[in-house]
Amino acid sequence: MKRFAVLLALTAALATPAVAQAGYWSWGYNYISSTTIQVESGWNYWYEGYIDKRNGALIDVGYNPGGGCYFSVTDAYANYFTPSGLGCGGYVDEYTKYDFGSASYLQIQAWA
Amino acid sequence: MMNMRKIQSRSAMLVAAAAAALIAVTAALGAAVAFSAGPPPPPAVSAVGTHAILTPADQHALSRFTTARLTGAEVIASTDLRAFYRIDNAGGPPCFATGGTGPIAQHFDIIACPSSFPSADHPLLDFTVMHNGAVWRSEGIAADGVAQVGLQTPTGVEDIVNVRSNTYEITTLPSGAVTAVVALDSAGQVIGSIPIDAPGN
């Protein structure tokens with residue numbers, strides 16, 4: 001009975017996401033280019049994002065593709081950003097999009 | 001007689017070799033002098049800042065950087081609502097950020113660690129934010145030598161502002177298309193351009 005209780009508690013702990021970090025999304029390291037134009041996290045209460053762009057030309061980074069709020073990144077940058085800092089808080093969809101020029105090798109992350 | 005001619009021939013060769021060596025040394029010295037007086041130093045962001053008091057949220061934001069070790073910040077310029085930060089990077093060149101000022105939980109809106117700023121090719125580190133294809137906020141860091149910054153529109157460079165303490169903030173924003181942020185020197189000449197969006201995006 002005691003063993004069953006321990007097993008039950010362990011299963012519950014593994015199945016329940018940590019309260020401090022209710023969501024995490026990551027894509028890359030990989031290329032976005034004219035063939036892989038855009039990647040996005042899906043909708044969530046993301047509160048911060050990070051992108052490590054190693055090379056390539058112009059990309060857009062931000063929230064809610066197809067309008068939304070974003071900034072542009074050229075060359076090699078590492079950027080930390082928040083939805084509220086871009087004027088676009090709340091329930092959002094983080095994304096990065098190829099704009100023009102050479103392909104960009106990057107990793108993008110989001111935390112909720 | 002033959003030996004005498006050989007000696008004279010060898011002497012002539014030695015003289016020629018010495019002359020050639022002298023010319024080479026002179027040329028090398030000339031090149032060295034020309035080099036030391038030649039190219040200008042690389043652009044810098046020389047504005048002196050004041051120590052920034054960081055909140056736990058600010059410290060957390062700095063800890064997100066896995067390719068740099070960010071340890072603190074200083075304010076290099078501020079207005080009533082906005083502040084411009086130089087971020088200390090123990091693992092490399094400084095990073096920069098823009099954000100809010102005053103007693104708020106998190107000051108940093110965007111932190112950037114660029115690999116090529118400041119440089120002759122990249123005199124601006126731009127933090128312009130777009131909303132629905134239009135400029136929503138335009139600000140950033142300018143290297144030494146940049147006197148003004150403006151926005152490139154289909155009709156020319158507009159909304160030009162002066163650079164203050166290596167920073168710029170464009171508060172009059174165009175409603176139409178903007179394709180780049182443009183850096184101007186003190187003579188009004190364009191010395192750099194940072195694309196911020198593709199035409200028709």
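Chain naming here is simple, since letters A, B, ... match the order of the sequence lines and numbering starts at 1 in each.
Residue contact with chain A, scored on non-hydrogen atoms closer than 4.5 Å, involves the backbone and the side chain of B:T66 alike. Contacts between A:T82 and chain B at a heavy-atom distance below 4.5 Å involve backbone atoms as well as side-chain atoms.
In this structure, a donor-acceptor pair under 3.5 Å is present between the side chains of B:T128 and B:D126. For the residue pair B:N162 / B:Q148, a side-chain donor-acceptor distance below 3.5 Å is found, with atom types taken as modelled. Side-chain contact of B:T155 with B:T153: a donor-acceptor pair under 3.5 Å is present, judged by distance alone.
Chain A forms more heavy-atom pairs under 4.5 Å with one residue of B:T67, B:L125, B:V129, B:D109 than with any other, namely B:D109.
Aromatic rings from B:Y85 and B:F108 are positioned such that their centres are separated by under 6.0 Å.
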